[in-house]
Amino acid sequence: MSLTIVNEFNLHLLKRLMADWPESELDWQPQEELHSARWLLTHLAIAVDYGLMQFDLAGCCPAEWHQAYGPGSQPGSAENRPSVSELMTVIDESYAKLRSLVPQLDTAPLRETHKVPLLANTPLKTRGDLAAHILSTHFAFHVGQLSMLRRMLGRPPLF
């Protein structure tokens with residue numbers, strides 16, 4: 001199974017989840033400590049920046065997004081509120097960039113230790129591990145959260 005195909009499938013699910021999500025409901029939180037759809041989308045967008053930076057490539061997101069929607073940020077606290085359209089464009093383009101990069105790299109850079117302190121004491125040790133996580137498990141985890149929010153807003157399941 002190809003890691004890039006798994007990410008393309010996750011992106012396909014994300015697009016289906018967001019297709020009928022009105023901008024007016026992007027900041028809804030069922031509980032104060034839970035993340036909104038806008039937070040989750042922006043977080044997905046900035047996560048791929050970490051993957052790109054592992055290979056010394058520039059990220060795609062503004063620094064303000066990293067601060068407002070990064071690890072440890074508070075749900076609903078962001079002053080900067082990117083639109084669904086803007087977020088989906090960034091997600092589509094930046095994940096495509098990471099997907100196209102991974103198969104082209106020789107194995108040496110993928111075996112190098114990643115540079116993300118937050119994940120230093122986890123089983124993810126290498127740049128390759130981190131890229132695989134960003135393209136698969138991290139993306140799928142947040143798609144699952146978005147699916148739950150969608151259902152809580154009364155929308156039908158995708159399947």
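- Rounding to the nearest 0.5 angstrom, the gap separating the CG atom in Leu34 from the CG atom in Leu40 is 9.5 Å.
- Remark: Lys15 engages Asp92 in a salt bridge (charged side-chain N to carboxylate O under 4.0 Å, His left out) (not counting sequence neighbours).
- The two residues Ser73 and Gly70 have their closest heavy-atom pair at OG-O, 2.8 Å.
- Considering only heavy atoms from C-beta on, Trp65 comes within 4.5 Å of Val90 through its side chain.
- A 4.5 Å side-chain heavy-atom check between Arg81 and Asp27 finds at least one atom pair inside the cut-off.
- Using a distance-only test at 3.5 Å, with no hydrogens or angles considered, a donor-acceptor pair links the side chain of Ser136 to the main chain of Ala132.
- In this structure, the side chains of Val116 and Leu130 come closer than 4.5 Å at one or more pairs of heavy atoms.
- Within the structure, side chain to side chain donor-acceptor pair (under 3.5 Å) contacts touching residues 45-59 (residues at least two apart or in different chains) are Asp49-His66, Asp56-Lys115.
- Proximity of Leu14 to Leu41: side-chain heavy atoms (C-beta onward) are separated by under 4.5 Å at one or more points.
- In this structure, CE on Met152 lies 12.0 Å from OG on Ser147, to the nearest 0.5 angstrom.
- Counting non-hydrogen atoms of other residues, nucleotides and ligands closer than 6.0 Å to CD of Glu33 gives a total above 12.
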Taking it one step at a time, do Phe139 and Ile134 satisfy side chain to side chain contact (heavy atoms under 4.5 Å, CB included)?
CA-CA 6 Å; Phe139 200 111; Ile134 290 168; over 6 Å; no

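- Cluster membership check: Met53 does not share its hydrophobic cluster with Leu101, using side-chain heavy-atom separations under 4.5 Å among Ile, Leu, Val, Met, Phe, Trp and Tyr.
- Between Leu149 and Pro30, the closest side-chain pair of non-hydrogen atoms falls below 4.5 Å.
- Residues satisfying the side chain to side chain donor-acceptor pair (under 3.5 Å) criterion with Ser83, sequence neighbours excluded, are absent altogether.
- Side chain of Arg99 to main chain of Glu8: no donor-acceptor pair is present (N/O by atom type, distance under 3.5 Å, no hydrogens or angles).
- Using a 4.5 Å cut-off on side-chain heavy atoms (C-beta onward), Tyr95 and Thr4 make no contact.
- Listed for the Ser94 side chain is no donor-acceptor partner under 3.5 Å among the backbone atoms of Cys60.
- In this view, His138 and His43, His133, His142 satisfy the ring-ring contact (aromatic ring centres under 6.0 Å, His included) rule, not counting sequence neighbours.
- Taking 4.5 Å as the limit, some side-chain heavy atom of Leu135 sits within range of a side-chain heavy atom of Leu98.
- Applying the ring-ring contact (aromatic ring centres under 6.0 Å, His included) rule to pairs touching residues 2-34 yields nothing, sequence neighbours excluded.
- Under the 4.5 Å side-chain heavy-atom criterion for ILVMFWY residues, a single connected hydrophobic cluster contains both Leu13 and Met148.
- Judged purely by atom type and a 3.5 angstrom limit, His114 has no side-chain atom pairing as donor or acceptor with the backbone of Asp129.
- Taken to the nearest 0.5 Å, the CG atom of Leu110 stands 5.0 Å off from the CZ atom of Phe55.
- The same ILVMFWY cluster, assembled from side-chain heavy atoms under 4.5 Å apart, contains both Ile46 and Leu118.
- Counting non-hydrogen atoms of neighbouring residues, nucleotides and ligands closer than 6.0 angstrom, the CD atom of Gln67 reaches no more than 12 such neighbours.
- Within the structure, the side chain to side chain donor-acceptor pair (under 3.5 Å) test picks out the following pairs touching residues 150-159 (sequence neighbours left out): Asp20-Arg150, Glu25-Arg155.
- In this structure a side-chain-to-backbone donor-acceptor pair under 3.5 Å is present from Gln29 to Glu32.
- A donor-acceptor pair under 3.5 Å links the side-chain atoms of Ser100 to the main chain of Lys97, judged by distance alone.
- Under a hydrophobic-cluster definition in which Ile, Leu, Val, Met, Phe, Trp and Tyr are linked whenever side-chain heavy atoms come within less than 4.5 Å, directly or via other members, Phe141 and Leu3 are assigned to different clusters.
- Atom CE in Met18 sits 8.5 Å away from atom CG in Leu87 (nearest 0.5 Å).
- Note that the CD atom of Glu86 and the OG1 atom of Thr89 stand 8.0 Å from one another [nearest 0.5 Å].
- A donor-acceptor pair is defined here as one N or O able to donate and one able to accept, closer than 3.5 Å; such a pair exists between the side chain of Arg16 and the backbone of Leu158.
- Here the side chains of Pro82 and Tyr69 are in contact, with some heavy-atom distance below 4.5 Å.
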